[in-house]
Amino acid sequence: MSDRYNPETWSAVESFLSQRLAPGEDPFQIVLDRAKAAELPQIQVSFNDGKLLSFLVEMTASRKVLEIGTLAGYSSLWMASTLPEDGKLWTLELDPAHAQLASQNFTAFSPGTKIHLIEGPALESLPKLEAHAPFDFIFIDADKPNNAAYLAWALRLSRPGTTIVLDNIVRDGKIIKPELEDPAAEGVRQGLDYIRGQRRFDATWVQTVGSKGYDGWAILRVTD
Ligand code: SAH
Ligand code: DHB
Ligand code: MG
């Protein structure tokens with residue numbers, strides 16, 4: 001295998017870039033440390049993706065953000081960090097242990113009332129959010145078999161111009177290997193088919209490599 005395609009190269013390049021482009025400490029490092037100590041799965045977005053989410057929230061001048069899949073709140077805190085003073089973020093989490101740690105992290109970082117965590121299956125929480133719609137920015141990052149249902153809800157809770165980011169659309173290439181019968185990859189494929197069938201989405205994507213392997217985002221704009 002050529003060195004260019006070696007995952008060790010991707011990780012080494014990530015460190016190299018991080019030392020040059022973001023040499024200070026991750027502002028949310030403590031969240032990562034606590035999540036590790038609590039033995040939560042280490043599946044939060046990377047530092048550079050977290051920062052990119054914060055840029056996107058700011059560049060889209062978003063005031064109301066929705067996140068599906070909180071974990072310890074790492075991506076939530078990145079997105080909340082660039083919200084305006086009167087901005088709000090709702091984040092949905094099924095697992096009580098994840099929700100508890102996230103809630104502690106939100107209190108520590110975000111005094112005031114910017115972040116609202118709703119515990120329970122996202123499909124049960126989403127109908128309650130209709131009162132706060134439309135959202136300006138939506139990040140979908142939970143159980144992949146529900147991706148198509150989450151995209152349908154995202155559309156319902158959107159306005160023309162809403163930006164939707166869908167995490168994990170590549171999954172180390174499993175996405176093009178239905179024969180593996182990986183339920184998460186199958187869920188991602190169903191979500192992508194849903195996007196293809198919806199004329200109200202205008203879509204692009206980024207494919208990423210780094211310490212988290214080979215993955216990517218779909219980035220959608222709601223057209224009308
Ligand atoms: N966005 C987070 C990572 C989320 S990991 C970050 O980057 O920091 C996916 C999360 O989705 C896990 O915490 C998992 O418990 C949660 N999840 C799984 N199924 C869910 C469901 N049905 N409803 C809500 N959350 C769910
Ligand atoms: C997994 C889930 C994620 O949301 C992610 O970003 C990485 C991995 C997983 O379930 O394996
Ligand atoms: Mg993810």
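Just so you know, ligand 1 is whichever comes first in the structure, and atom 1 is the first atom listed for that ligand.
Considering W78, F28, Y74 in turn, W78 is the only one that fulfils the ring pair (Phe, Tyr, Trp, His ring centres under 6.0 Å) rule with F47.
Taking NZ from K88 and CG from D136, the interatomic distance works out to 13.0 Å, rounded to the nearest 0.5 Å. With values rounded to the nearest 0.5 angstrom, Q44 atom CD is found 13.0 Å from T70 atom OG1. A distance of 9.5 Å separates CG of L117 from CD of E67, quoted to the nearest 0.5 Å. Annotation: the span from R159 atom CZ to D224 atom CG amounts to 13.5 Å, rounded to 0.5 Å. Summarising the geometry, atom OG belonging to S158 is positioned 7.0 Å from atom CZ belonging to F201; distances are rounded to the nearest 0.5 Å. I169 CD1 to I140 CD1: the interatomic distance, rounded to the nearest 0.5 Å, is 12.0 Å.
At the shortest separation from atom 15 (O) of ligand 1 among protein heavy atoms lies E93 OE2, 2.6 Å. Considering only non-hydrogen protein atoms, atom 25 (N) of ligand 1 sits nearest to L94 N, 3.2 Å. For atom 3 (C) of ligand 1, the closest non-hydrogen atom of the protein is D141 OD2, 3.3 Å. Nearest protein neighbour of atom 23 (N) of ligand 1, counting heavy atoms only, is A122 N, 2.9 Å. Taking atom 20 (C) of ligand 1 as the reference point, the nearest protein heavy-atom neighbour is D143 OD1, 3.3 Å. Considering only non-hydrogen protein atoms, atom 5 (S) of ligand 1 sits nearest to I43 CD1, 3.6 Å.
Between the Mg ion (ligand 3) and N168 there is an N/O/S contact shorter than 2.8 Å. Residue D215: no N/O/S atom is found under 2.8 Å from the Mg ion (ligand 3).
Considering backbone and side-chain atoms alike, Q44 places every N or O at 3.5 Å or more from each N or O of ligand 1. For the pair I43 and ligand 2, the shortest N or O to N or O distance falls below 3.5 Å. Ligand 1 has no N or O atom lying under 3.5 Å from any N or O atom of A142, backbone or side chain. Among the atoms of V45, some N or O lies under 3.5 angstrom from an N or O of ligand 1. In terms of N/O distances under 3.5 Å, ligand 1 is not approached by N146. Distances between N or O atoms of H98 and those of ligand 1 include at least one value under 3.5 Å.
Every atom of ligand 2 is numbered from 1 in the order shown, and the set under 4.0 Å from a heavy atom of N168 is 3 (C), 4 (O), 5 (C), 6 (O), 7 (C). Listed by number with element, the atoms of ligand 1 under 4.0 Å from a non-hydrogen atom of D95 are 15 (O). Contact atoms of ligand 2 toward D167: 6 (O) (distance under 4.0 Å to a heavy atom of the residue). Taking every heavy atom of P121 and a limit of under 4.0 angstrom, the matching atoms of ligand 1 come to 23 (N). Of all atoms in ligand 1, listed by their number and element, those nearer than 4.0 Å to a heavy atom of G69 are 1 (N), 2 (C), 4 (C), 10 (C), 11 (O).
Cation-pi geometry between R20 and F16 is met: the NZ or CZ atom falls under 6.0 Å from the ring centre, inside 45° of the normal.
With hydrogens and angles disregarded, a donor-acceptor distance shorter than 3.5 Å links the side chain of D215 to the backbone of V170. Not a single donor-acceptor pair under 3.5 Å links the side chain of S54 to the backbone N or O of M79. A donor-acceptor distance shorter than 3.5 angstrom exists from the side chain of T223 to the backbone of R200, with no hydrogens or angles considered. When atom types are taken as modelled, the side chain of T107 and the backbone of S103 share a donor-acceptor pair closer than 3.5 angstrom. Here the side chain of D167 pairs no donor or acceptor atom with the backbone of W217 at under 3.5 angstrom. At distances below 3.5 Å, not a single donor-acceptor pair connects side-chain atoms of N105 with backbone N or O atoms of V31.
Heavy atoms of W78 stay at 4.0 angstrom or farther from ligand 1. Not a single heavy atom of K212 sits closer than 4.0 Å to an atom of ligand 2. Distances from ligand 2 to the non-hydrogen atoms of Q44 include no value under 4.0 Å. Within the 4.0 Å heavy-atom shell around ligand 1 one finds G120.
Only the side chain of R171 comes within contact range of ligand 2, with a heavy atom under 4.0 Å; no backbone atom does. Counting heavy atoms under 4.0 Å from ligand 1, residue D167 does not touch it at all.
For the residue pair Y150 / D143, a side-chain donor-acceptor distance below 3.5 Å is found, with atom types taken as modelled.
Distances from atom 8 (O) of ligand 1 to the heavy atoms of P96, S75, A99 show the closest one on S75.
Between the Mg ion (ligand 3) and the N, O or S atoms of D167, the shortest distance is to OD2.
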